[in-house]
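Written out below as structure tokens is the structure these notes cover.
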Amino acid sequence: MPNFIKSAIAPIDWINDQVIEICLVGRSNVGKSSLINALANQSIAKTSKTPGRTQTINFYDFGNYRLIDLPGYGFMHGNHQLKEQVADIIQTYLTSRTNTYGVLQICDANVITEADVNMSHYLQKHFKNHYIILNKIDKGTISMYQNKLNSIAKYLKVQPTQIFFISIKKHLNINKIQAIINSTIKQIKNN
């Protein structure tokens, strides 16, 4: 049964072993905590309506892998020092972990920002298994989002096959995200 393990900031406080990790990264308030709860099928991550609450790395045990929730990037209401601190936490984690095999970048399907684009470009260069999860599609029709797929892929410099549309609110396509994770884990174990 999935459960929360711990929160940490400094590498010395991280869990250091070789368990397969799948990482969630995204702007504040795009639904990372809600996605964790949807994948766990229970409430194990705290959700907040106030952006920027998660400022630590949160570790979750999902049995055959660990799900890692990184702090939200790009939202600190002009607090430059805090923004830099969060950016450092994210960069340190992404550049130093050897057991992170997949990164799910969560974005708001209705507002893709420059910060999302920059993060996508970085992840695309450094991670073989990088997927874009576009949340909040309940604000429009699925066909409307599907029609934008190629232009979004071009904008983020990823392949259309790396993009998945979901609605956490309506629990739409959460099974596809679980399938991505399962496929990544199977691929790692077979190598």
Side-chain angles (χ1 to χ4, degrees), residues 2 4 22-58 60 62 67-78 82-83 86-87 89-90 94 102-124 127 129-184:
F4 170 74
I22 304 295
C23 182
L24 292 179
V25 65
R27 281 187 298 121
S28 297
N29 220 24
V30 293
K32 290 187 289 117
S33 297
S34 296
L35 179 57
I36 291 166
N37 291 337
L39 290 168
N41 213 20
Q42 61 177 319
S43 185
I44 60 172
K46 292 178 185 171
T47 60
S48 172
K49 293 203 183 298
T50 308
R53 288 278 180 191
T54 304
Q55 295 171 11
T56 58
I57 297 171
N58 294 317
Y60 298 89
F62 272 72
L67 197 59
I68 308 302
D69 181 18
L70 294 180
Y73 58 78
F75 188 97
M76 301 300 159
H77 270 314
L82 186 54
K83 198 179 272 191
V86 166
I89 292 168
I90 294 169
L94 291 174
V103 180
L104 307 178
Q105 182 183 0
I106 318 300
C107 301
D108 184 331
N110 307 287
V111 186
I112 298 173
T113 68
E114 192 177 329
D116 293 322
V117 174
N118 292 339
M119 181 60 75
S120 177
H121 293 180
Y122 173 83
L123 294 172
Q124 194 65 10
F127 290 91
N129 297 306
H130 165 224
Y131 300 97
I132 305 286
I133 313 302
L134 295 176
N135 186 25
K136 304 186 182 183
I137 64 166
D138 44 278
K139 295 183 178 180
T141 64
I142 292 176
S143 61
M144 179 185 93
Y145 293 106
Q146 286 293 348
N147 289 338
K148 295 179 179 179
L149 178 61
N150 288 328
S151 60
I152 292 170
K154 190 175 180 181
Y155 185 53
L156 293 171
K157 293 192 175 153
V158 298
Q159 296 299 313
T161 53
Q162 290 174 259
I163 297 176
F164 294 85
F165 294 104
I166 68 167
S167 169
I168 296 167
K169 190 176 178 180
K170 293 189 175 178
H171 214 79
L172 185 66
N173 292 335
I174 302 302
N175 59 328
K176 289 186 178 181
I177 308 311
Q178 190 60 64
I180 294 168
I181 293 170
N182 293 343
S183 172
T184 301

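Just so it is clear, the values below take in all heavy atoms, side chains as well, and ignore hydrogens, waters and symmetry mates.
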Q: To the nearest 0.5 angstrom, please state how far the CD1 atom of Ile142 sits from the CE atom of Met144.
A: 10.5 Å

**Q.** Which atom of Pro160 lies closest to which atom of Ala153, heavy atoms considered
**A.** N-CB, 3.8 Å

Q. Which value, rounded to the nearest 0.5 Å, describes the distance between Phe62 atom CZ and Ile68 atom CD1?
A. 10.5 Å

Q. Are Pro71 and Ile57 close enough that some pair of their side-chain heavy atoms sits under 4.5 Å apart?
A. yes

**Q.** Leu24 vs Ile36, side-chain contact (heavy atoms from CB on, under 4.5 Å): CA-CA, chis, key distance, verdict
**A.** CA-CA 9 Å; Leu24 292 179; Ile36 291 166; 3.4 Å; yes

**Q.** pair Ile152-Ile132: side-chain heavy atoms closer than 4.5 Å
**A.** no

Q.
Looking at Ser167 and Lys136, would you say the former's side chain and the latter's main chain have a donor-acceptor pair under 3.5 Å?
A. no

Q. Under 3.5 Å, side chain of Asn135 to main-chain N/O of Ile168, donor-acceptor pair present?
A. yes

**Q.** Check: Asn150/Tyr155 side-chain N/O donor and acceptor closer than 3.5 Å
**A.** no

Q. For Leu70 and Leu94, what are the C-alpha separation, side-chain angles and deciding distance, and is it a side-chain contact (heavy atoms from CB on, under 4.5 Å)?
A. CA-CA 9 Å; Leu70 294 180; Leu94 291 174; 4.0 Å; yes

Q: Rounded to the nearest 0.5 Å, what's the gap from NZ on Lys46 to OG on Ser34? Could you check?
A: 14.5 Å

Q: Identify the heavy atoms of Ala40 and Pro2 that sit nearest to each other, and give their distance.
A: CB-CB, 3.7 Å

Q. Side-chain contact, heavy-atom cut-off 4.5 Å: Ile181 with Gln178?
A. yes

Q) Sub-3.5 Å donor-acceptor pair from the side chain of Asp108 to the main-chain atoms of Val30, do we have one? A) no

Q | Among His130, Gln105, Lys157, side chain to side chain donor-acceptor pair (under 3.5 Å) partner for Gln124 | A | His130

Q | Identified side chain to side chain contact (heavy atoms under 4.5 Å, CB included) counterpart of Cys23 within the set Leu104, Val103, Leu123 | A | Val103

Q.
I'd like to know if the side chain of Ser120 reaches the main chain of Leu156, judged simply by a donor and an acceptor atom lying under 3.5 Å from each other, with no hydrogens or angles considered.
A. yes

Q: Decide side chain to side chain donor-acceptor pair (under 3.5 Å) for Asn182 and Thr184; before the verdict, give the C-alpha distance in whole Å, the side-chain angles of both, and the deciding distance to 0.1 Å.
A: CA-CA 5 Å; Asn182 293 343; Thr184 301; over 6 Å; no

**Q.** Distance-minimising heavy-atom pair for Lys32 and Gly72
**A.** NZ-N, 3.8 Å

Q.
I'd like to know if Asp138 and Lys170 make a salt bridge, using a cut-off of under 4.0 Å between side-chain N and carboxylate O.
A. no

Q: Please lay out, stage by stage, how Asp116 and Thr113 fare under the test side chain to side chain donor-acceptor pair (under 3.5 Å).
A: CA-CA 5 Å; Asp116 293 322; Thr113 68; 3.2 Å; yes

Q. Are side-chain heavy atoms of Val25 and Ile106 found at a separation under 4.5 Å?
A. no

Q: Please answer whether the main-chain N or O of Asp69 pairs with a side-chain N or O of Asn58 as donor and acceptor at a distance below 3.5 Å.
A: no

Q | Sub-4.5 Å side-chain heavy-atom contact between Leu134 and Phe164 | A | no

Q) So do the side chains of Arg27 and Val111 get within less than 4.5 Å of each other, counting heavy atoms only? A) yes

Q.
Once rounded to the nearest 0.5 Å, what's the spacing between atom OH of Tyr145 and atom CD1 of Ile166?
A. 12.0 Å

Q) Is the count of non-hydrogen atoms from other residues, nucleotides or ligands lying under 6.0 Å from Gln42 atom CD greater than 12? A) yes

**Q.** Check: Ile174 and Leu39 side chains under 4.5 Å, non-hydrogen atoms
**A.** yes

Q) Taking the side chain as C-beta and beyond, is there a heavy-atom pair between Leu149 and Phe165 under 4.5 Å? A) yes

